[in-house]
Q: 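Submitted below is the structure of interest, expressed as structure tokens.
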Amino acid sequence: MSGNSMRERQAPSAGSTRKTLATALGVILAFYIMLFTFAPKPITWPNPTPEFPADASLFDKVSGWITALVFYGPSAGGEVDIRLVVIWLVTAAIFFTIWLGFLNVRGFKHALDLVRGKYSDPDDAGEVSHFQALATAVSGTVGLGNIAGVAIAISIGGPGATFWMIVAGFLGMSLKAAECMLGVKFRQEHADGTVSGGPMYYLRDGLRDLGRPGLGRVLAIVFAFCMIGGAVGGGNMFQSNQATAQIVSQVGGEDGFLGRNPWIIGVIFAGALGAVIIGGIKSIARVTEKVVPFMAVLYLTAALIVLLANFGEIPAAFVAILDGAFTGEGAVGGVIGALIVGFQRAAFSNEAGLGSASVAHSAVRTKEPATEGFVALLEPFIDTIVICTMTALTIIVTQAYLNPDASELGGVALTSNAFETVLPWFPGVLAVAVVLFAFSTMLSWSYYGMKATGYLFGDSQLAENVFKGVFLGFTLLGSVAGLASVINFSDSMIFLMSLPNVLGLYLLARVIRAEFTHYSARLESGEIKEFADRH
Amino acid sequence: MDTIVVGVDNSAASTRAVEFAVERAQRNTWKIVLAHVIPWTPFSFQTPSENEHRHRERQHEIEAATQQVIAPMAQLADDGGVPHTEVVRHGRPSDTILDIAAEVGAVHIIVGRTGDSGVREAVFGSVCSRLVQTSKIPVTVVP
């Protein structure tokens, strides 16, 4: 199929479009009303001006301002911060769930069939498979958030936060499908056979096709810039910082040799990363990519063992989750407190709406962009609904979240304590898992950052090398210092990605729906069929 | 004219299998499909940049296989004056040869007995034995 016919799809009838749109807007409005009606009072809109100590550097000030603005939101009852960026992402998730007619439910089985290769053309054997694209994208998102973040969320939002986290994960599926489909639809194929895709390209070319080339270019540049910032910090420095802390805690502690010289760990990380991204030593990356899924399975198995050992507590845990979700039991700020914490956790963890996964999914050489959308909807499912929920259940049945020192201990320690009650040897394994997850997240984000740099500087080799150098510098820096202002700045950048990305998704909403509708119609009519009777 | 599939790689056993097949093909007026499978699975884990370059890599693999594996075998068939076509495909070797045989409507499969290492064979089973066990048409293994 030629590129042009791929981009023009028969739109669904105007009547059904209006009805769906009205439903989506109605549900979103109802959500807002509920949110503000049930939120603890009073709701205040704080002054966003951050406060700085007298000796704050210019960077601290810039970072402080950006962080304050990106994570701005009203405070409910002085306890719950309703961050607008989380509401922005949840709104988009609700919208696309309804706009695409619950694609996450309708398309779930088809997504599994695609991943199993039932629809793969044998002539395409040897290209990137749907499974491989999904696995690559999942290993970029599964990480500290699934282990550490969930524990913190439950210690603040109570068991009920789990319920809202699952809801948000469920809603995020359609949003993820939308952005990953567009990533494939508007990817660039270079003369040498390599591909580049992601929000930069669908923002620029998708909006150009809609007659808004200027807006598209601006959004694409803003997006690429934010992705570089996010890659260097949250996708790299923060990971290196947390992984170093894990290694130190397992080997000698703060006063041990590594505790006093954490830079040694940083040098090793930077060296290993540099070998991959500069030296092109693929074996390190290959080993990581193969060990990470193994660790994920090991982690889930361990969680299952803990749950089985506490089998009698499981019904009570579910009661606590549902109770907490609707009565606000155990949550700071009641129901809305639990909801906000749960939604926030899901958004931080599965990255739906941020656009990062779209870059990873673009490498699939399918003729049907919609197929990659279906496959991508499994990502929030795996990340949030399976892995995060398992962590949450483990923490709830072992009651690790009731530890009064929860906020001081930190997320990894809380989760570690939960596993330790049944599997005393687990903290060591968990530390290894955290380090590997962190390393694979760094690998993924180095790639995202490189693609963004390539987009901004026209694939200039010099610019990419500068990026790689800076990236490794921050890997090293992260092992030595947390640098809150850098990490805050970078977190802001990651969430700022959602601004141009989701805006673009809304503008391209008709294109997205037409693509999925057209594909589903052909699937139903039998024009797209399984390649049956093959091995 | 019946069609047979000859599974080939760059081993000496493979050369003997082609010579064996060419001789029978001359007598029985068979058409030969020379099939080479590049071992590959859709269920592996890769880095983003491996995925980005995969299409180009795949082309290279196919070109290399065509020049280094298929070409010498095709020469043998040419020398014997037997009509032949070639297929190079990625996949699990035993299953993919069966798929190719089914697609071309082959009546017979001929392969060389490849020397998989002991460990590999213990874990995965050899290509030949899997082929013999699962094929619905006769398979000849040339030692």
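This structure is a prediction, so every number in the text was calculated from the model and none was measured. Residue numbers start from 1 in every chain, and the chains themselves are labelled A, B, ... in the order their sequence lines are given, proteins ahead of strands. Atoms considered below: every heavy atom in the structure, side chains included; atoms not considered: hydrogens, waters and symmetry mates.
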Q: Sequence neighbours left out, cut at 3.5 Å: what donor-acceptor pairs do the side chains of residues 28-43 of chain B make with other protein atoms?
A:
residue, atom, partner, partner atom, Å
B:N28, ND2, B:R24, O, 3.3
B:H36, ND1, B:V8, O, 2.8
B:T41, OG1, B:F43, N, 3.0

Q: Using ring centroids (six-membered ring only for Trp), state whether B:F45 and A:F131 fall under 6.0 Å.
A: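 Yes, ring centres under 6.0 Å apart.
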Q: Kindly write out the residues that satisfy ring-ring contact (aromatic ring centres under 6.0 Å, His included) with A:Y201, not counting sequence neighbours, or none if the list is empty.
A: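 For A:Y201, the residues satisfying ring-ring contact (aromatic ring centres under 6.0 Å, His included) (neighbours in sequence not counted) are A:Y455.
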Q: Quick one: does A:K451's side chain get under 4.5 Å of B:E52's, heavy atoms only?
A: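 Of all side-chain heavy-atom pairs linking B:E52 with A:K451, at least one is under 4.5 Å.
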Q: For residues 135-143 of chain B, run the donor-acceptor check on the side chains, cut-off 3.5 Å, and write out each pair with its distance to 0.1 Å, sequence neighbours left out.
A:
residue, atom, partner, partner atom, Å
B:S135, OG, B:I137, N, 3.1
B:S135, OG, B:I137, O, 2.7
B:T140, OG1, B:H108, NE2, 2.6

Q: Answer whether the closest heavy-atom distance between the side chains of A:D123 and B:R89 falls below 4.5 Å.
A: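 Counting from C-beta outward, A:D123 and B:R89 do come under 4.5 Å.
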Q: List the atom of A:G126, the atom of B:R58, and the distance in Å for their closest heavy-atom pair.
A: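 For A:G126 and B:R58, the tightest heavy-atom pair comes out as C-CD, 3.5 Å.
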Q: Is any side-chain heavy atom of A:T194 less than 4.5 Å from a side-chain heavy atom of B:R56?
A: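 Sidechains of B:R56 and A:T194: in contact.
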Q: So, taking the atom named CG in A:D192 and the one named NE2 in B:H55, what distance separates them when rounded to the nearest 0.5 Å?
A: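 If we round to the nearest 0.5 Å, A:D192:CG and B:H55:NE2 are 10.0 Å apart.
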Q: Applying a heavy-atom distance below 4.5 Å, give me the residues of residues 355-363 of chain A that approach chain B, sorted by number.
A: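 Those residues of residues 355-363 of chain A which have a heavy atom under 4.5 Å from chain B are A:A363.
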Q: Indicate the atoms forming the closest heavy-atom contact of A:T136 with B:T47, along with that distance.
A: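 Closest approach of A:T136 to B:T47: CG2-C, 4.0 Å.
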Q: When heavy-atom pairs shorter than 4.5 Å are enumerated against chain B, which of A:V292, A:V364, A:L443, A:V195 gives the highest number?
A: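 Going by pairs under 4.5 Å, I would pick A:V195.
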Q: Side chain from CB out, backbone as N, CA, C, O: work out which of these in B:E50 comes under 4.5 Å of a heavy atom of chain A, or both, or neither.
A: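 Answer is side chain: those atoms of B:E50 sit under 4.5 Å from chain A.
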Q: Does a salt bridge link B:R54 with A:E127, judged by any charged N lying under 4.0 Å from a carboxylate O?
A: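 Answer for the salt bridge query: no.
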